[in-house]
Structures are given as C-alpha cells and as structure tokens.
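One structure below.
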2 protein chains.
Amino acid sequence: MSSLLPEPSGPGRLSSRMVSIDVYGQLATAILRNDIPPASRVNINAVAVSLGVSATPVREALARLESDGLVTQLHLKGYRTTDLLTQREIRDLWQFRMLIEPYGAGHAATAASPDQIAALEHEINSFTSAPTGSDFDSYQDFSDHDARLHGLILEASGNAIITRAFERTHCHLHAFRLAYNSSAGSATVDEHIAIVDHISARDAAGAAEAMMEHLANSRDRLLPLAKEG
Amino acid sequence: MSSLLPEPSGPGRLSSRMVSIDVYGQLATAILRNDIPPASRVNINAVAVSLGVSATPVREALARLESDGLVTQLHLKGYRTTDLLTQREIRDLWQFRMLIEPYGAGHAATAASPDQIAALEHEINSFTSAPTGSDFDSYQDFSDHDARLHGLILEASGNAIITRAFERTHCHLHAFRLAYNSSAGSATVDEHIAIVDHISARDAAGAAEAMMEHLANSRDRLLPLAKEG
DNA sequence: GAGAATCATATGCTATATGATTCTTGCAAT
DNA sequence: ATTGCAAGAATCATATAGCATATGATTCTC
C-alpha cells in the first residue's frame with residue numbers, strides 16, 4: 001500500500017462531500033498500477049488514512065470495486081484484490097465479446113444515428129497512431145480510448161442492456177492490469193479504423209466481420225501475457 | 001416504505017455481526033414485492049430504523065442493489081428505486097440472452113460433466129409442473145428455479161465469465177418485478193424439459209435451438225406486461 | 001403572483017465502540 | 001532443540017451514533 005495519493009487532502013480540505021468517487025478512482029488506479037498487488041489484502045483503515053478520509057467512503061468504493069471484479073469481500077476478513085485473469089479466463093471473456101460485439105457492430109452499421117457515426121469518427125481521429133511514449137499515463141489514455149470506442153459501437157447498436165453488460169465486464173481494466181501496453185499496437189489502430197469504416201459505410205456484415213477479426217487478434221495479443229490456468 | 005420486516009430485531013439482538021447480507025435480502029424483497037414502488041426515493045434512515053440497524057449496512061446493501069440495477073444513486077439526492085423495464089428494455093435484454101444462452105446450451109451439451117448433467121436433471125425434477133397456488137412465495141420459488149436452471153446451463157457450458165455476465169443482468173428479478181407470475185406457466189416447464197433433454201443427449205444444435213425458442217416464447221409472454229417506451 | 005429568504009429533512013461523512021480474526025508469546029511434550 | 005498448542009495481545013472489519021452541509025419545500029416580502 002503506502003501513499004496512494006501525492007497529497008491526502010491537506011489541511012485545506014476539499015468540499016468533503018464529494019469524496020467517494022475520488023476514493024473509487026484512486027483505489028482503482030492503485031490496483032491497476034499494481035501499487036496494490038493482485039490477491040493481497042486491502043486494509044480499509046490504511047486506505048482511509050492514506051487518502052485522508054474515514055472508513056465509510058472507502059467501504060463504499062470497495063463495494064463498487066467488487067462489482068467491477070477488482071476486489072472480493074470475505075465476510076469478517078475484509079477485502080482482497082482479485083487475481084489477474086488466467087489464460088482460460090481471457091479466452092472465456094473474449095468468447096463473450098465475440099458473441100456480443102460483432103452483433104453490436106453489425107447493428108451499429110444499420111442503426112447508428114449521424115451523431116453517433118460522427119462520435120465514432122471523432123474517437124478514431126483522436127488516436128490515429130499508437131502511443132509513442134512508454135509511460136503509464138499514455139498507455140492508460142490509449143486503453144481508455146479503446147474502451148470508449150468499443151462502448152460507442154455497442155451504444156450505436158441501440159441496445160443499452162448489451163452495452164451495460166459489456167461495460168460491466170471491464171475487459172479493458174483486466175487487460176490493462178495484465179499488461180498495460182497490451183492494446184497499444186498500431187495493428188489495433190488499423191483494426192479500429194476498419195471497423196468504423198464499415199459502420200460508416202452502413203455495411204453490417206463487414207462491420208461484424210471486422211469486429212470478430214479484431215477481437216481474435218486482440219485475444220491472441222493478450223493470451224501470452226496471462227498465466228495458465 | 002413502512003415496516004419491511006415483521007420484527008425489526010427487538011431488544012434480544014441477533015448475532016449483530018451478520019447484518020448486511022440480511023439487509024440486502026430484505027431490501028431486495030421489498031423492492032420486488034413493490035413494497036417500495038418503482039421510481040421512489042429510498043430514505044436511508046427510514047430503512048435503517050425499519051430494519052433495526054444503523055445507516056452503514058443499509059448503505060452497503062444499497063451499493064450492491066445499485067450494481068444489481070434495482071436502485072440508482074444520485075449525488076446528494078440519495079437512492080431511488082429504478083423504473084420497471086420498458087418493452088424496449090425487455091426486448092433488448094432478451095436479445096442479449098439470445099446471443100449468449102443458445103451458445104451456452106450448445107456448449108453445455110458437449111462440455112457438461114456427468115455431475116452437471118445430474119444437477120440439471122435434479123433441478124428439472126424439482127419442478128415438474130407450474131405452481132398451483134397463487135401466492136407470492138410459490139411464484140418466487142418458481143422464479144428462483146427458473147433462474148437456477150438457466151444459470152446451471154451456462155455454468156455447464158464451462159464459461160464462468162459468460163455465466164457471471166448473465167447472472168448480473170438479473171433478468172429473472174426484473175421479469176418477476178414486472179409481474180411475478182410471468183414465468184410460471186406449464187409451457188415454461190415443457191420448454192425447460194426439452195432443453196435439458198437435448199443437453200443430456202449431447203445434442204448441441206438441438207439444445208441451442210430449444211433454448212432460442214424458449215427465450216423467444218418467454219419474451220413474448222412478458223412483453224404485453226411491460227409499458228411501452 | 002414571482003422571487004427571495006427561511007427552515008426542515010436527509011445525505012454523506014467522521015469519530016468511536018465492539019467483536020472477530022490473526023499474530024505473538026510462552027509453555028509443555030516429544 | 002524443536003515442534004505443537006494454547007492463551008493473551010494486537011489488529012482489523014463491522015456497526016453505531018452524531019455532526020455539518022446540501023436540497024427542497026414552505027413562508028414571507030414586494
């Protein structure tokens with residue numbers, strides 16, 4: 001653990017009524033960066049002191065992180081960070097994505113509004129190449145871009161339930177945690193462009209196929225990084 | 001609100017350190033029974049007093065219920081129960097199920113262990129007919145059976161990620177909340193039997209097809225009960 | 001009747017108490 | 001000397017109580 005935050009909150013307190021979201025973000029980042037290693041206990045009080053808040057908002061943040069799959073709670077034994085995904089789990093997760101994302105891309109091609117098409121192209125244009133730096137932050141930026149793009153495509157398909165189910169897998173979080181440069185290749189950029197091009201051209205079959213290929217490739221990029229299981 | 005529990009906890013306190021799970025269950029039941037109507041505010045303190053506990057375990061339960069989609073939190077405005085699903089959302093949710101459950105049934109037919117087959121058949125045998133009574137509890141029993149069966153099938157497919165994504169949709173909760181006798185027809189029983197028969201016979205294509213039909217039928221049984229949207 | 005001021009209510013947090021778990025220490029037995 | 005076990009101490013999770021502030025409704029003023 002130890003000092004998750006540069007400055008806890010200092011004597012000049014912040015508004016003190018908007019802490020919980022921040023605690024959530026700080027804790028999530030700490031887990032993703034492996035500042036809190038996988039499968040290790042999370043001491044609620046230590047986190048509270050480290051972040052300069054009390055236990056209650058930490059508890060709330062941990063409850064949310066549990067539903068994100070980043071921690072698990074053991075009754076009367078507190079919270080532990082979850083293990084990294086195994087190869088088996090990566091395969092299972094990507095199989096899930098292969099069931100819903102090609103469907104989403106195909107329907108996005110027929111159902112997306114002009115605004116949604118524009119949003120997709122704007123997202124594509126914001127990352128025309130893989131990050132050049134090698135720092136944590138630029139990889140995280142790219143991972144966020146990746147997550148946004150896949151989310152936008154499902155959103156454009158018009159099915160909010162499926163979009164939400166996808167978002168709740170937090171596949172990008174898990175992939176990022178496994179290796180935070182895993183999605184940052186130029187191949188990823190090219191594949192994204194191909195998918196959005198098919199959607200813009202209203203080519204449902206092509207969009208679904210491009211998405212399926214992209215998922216197969218990203219899975220194969222990720223698998224060697226995971227432990228067997 | 002008003003009296004969610006027959007007896008709060010009284011002066012003879014219960015074990016006092018296993019409360020939160022119970023609070024969760026009591027609240028979930030209260031929402032499902034429409035004791036707390038859809039789209040209404042949930043007063044944390046009132047719930048706490050009603051259940052004879054303090055605010056903290058109620059907050060934890062609400063955090064979990066939020067990830068279940070039964071309540072939503074608005075900052076500084078507290079929690080509200082969510083609306084009932086609209087026809088559109090039912091359709092979207094069942095579309096999601098149609099993407100993953102036929103896949104699950106098909107893979108269960110090839111991948112299920114003998115123990116898992118036995119568990120499926122045991123579950124089938126525990127409800128060979130629709131409930132005869134008209135009370136809340138027997139409908140809930142049947143709804144639970146339905147949820148267990150669909151969960152077992154996905155589990156037998158061997159993909160834990162998909163199983164979890166399915167469980168998190170809480171489709172049975174939402175269906176039950178919409179109308180608690182919606183899944184209790186004898187047609188449902190017959191369709192369940194057909195699916196499990198195909199799985200037991202290791203007939204993947206037949207299992208997938210039977211599941212798809214079952215989902216289409218259950219959706220059509222449910223749709224008239226939902227509001228347009 | 002519209003806008004400003006006031007007040008009640010409920011939220012979100014802090015501080016604290018309680019009890020379970022876990023670690024440490026000491027002693028006995030092999 | 002080393003291992004096994006038990007008792008006590010320390011730690012930590014969970015729950016309670018209470019406080020400060022934001023929200024929303026009511027009342028007052030113009």
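All of these numbers come straight from a predicted model, not from anything done at the bench. Just so we're on the same page: letters track the sequence lines, and every chain starts at 1.
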Fill in: Nearest-nucleotide pick for B:Arg41, side chain only, options being D:dT14, D:dA13, C:dT11
C:dT11

Item to complete: Could you list the residues that satisfy ring-ring contact (aromatic ring centres under 6.0 Å, His included) with A:His174, not counting sequence neighbours?
Response: none

Discussion item. Can you list everything that forms a ring-ring contact (aromatic ring centres under 6.0 Å, His included) with A:His214? Sequence neighbours excluded, please.
Written reply: A:His150, A:His192

Fill in: Distance, nearest 0.5 Å, that separates CG of A:Asn159 from CD of A:Glu155
11.5 Å

Discussion item. Output the rounded distance in Å from CG (A:Asp22) to P (C:dC13).
Written reply: 11 Å

Discussion item. Looking at B:Asn45, I'd like to know whether one of its side-chain N or O atoms comes within less than 4.0 Å of OP1 or OP2 on C:dG12.
Written reply: no

Worksheet item: Which nucleotide in the set D:dG24, C:dC13, C:dT21 lies at the smallest distance from any side-chain heavy atom of A:Pro57?
Response: C:dC13

Item to complete: Can you tell me the distance, in whole Å, between the CG atom of B:Leu51 and the C1' atom of D:dA15?
Response: 14 Å

Worksheet entry | Integer-rounded Å distance: C:dA10 P and B:Gln73 CD | 17 Å

Fill in: Bend angle of the helix from C:dG1-D:dC30 to C:dT30-D:dA1, end axes from five pairs each (to 10°)
10°

Worksheet entry | Per A:Ser54 side chain, nearest of listed nucleotides D:dG24, C:dT14, C:dT22 | C:dT14

Worksheet, complete the sentence: Considering only heavy side-chain atoms of B:Arg59, the closest of C:dA10, C:dA15, C:dG12 is C:dG12

Discussion item. Among D:dT14, C:dG12, C:dA10, which nucleotide has an atom closest to any side-chain atom of A:Leu76?
Written reply: D:dT14

Response to the item:
5'-most contact on DNA chain C (nearest-nucleotide basis), A:Ala55 vs A:Lys77, goes to A:Ala55

Fill in: Residue B:Thr56, side-chain atoms from C-beta onward, closest of D:dT14, D:dT16, D:dC12
D:dT16

Worksheet item: Can you tell me how far CG of B:Leu27 sits from CG of B:Leu70, rounded to the nearest 0.5 angstrom?
Response: 10.0 Å

Practice prompt. Would you kindly give the OH-to-C1' distance between B:Tyr79 and C:dT9, to the nearest whole Å?
Written response: 18 Å

Discussion item. Expressed as a whole number of angstroms, how long is the span from A:Asn43:CG to D:dT14:P?
Written reply: 11 Å

Worksheet item: Looking at residues at least two apart in the chain, or sitting in another chain, which of them share a ring-ring contact (aromatic ring centres under 6.0 Å, His included) with A:Tyr103?
Response: A:His107

Worksheet entry | Pair listing, salt bridge (Lys or Arg N to Asp or Glu O under 4.0 Å) test, anchored in residues 68-89 of chain B, at least two apart | B:Arg88-B:Asp92

Fill in: Closest to the B:His75 side chain, choosing from D:dT16, C:dA10, C:dG12
C:dG12

Practice prompt. Taking ring-ring contact (aromatic ring centres under 6.0 Å, His included) as the test, write out the residues that go with B:Tyr180, two or more places apart.
Written response: B:Phe136, B:Tyr139, B:Phe176

Worksheet, complete the sentence: Among the nucleotides D:dA13, D:dT23, C:dT14, whichever has the atom closest to the side chain of A:Ile44 is D:dA13

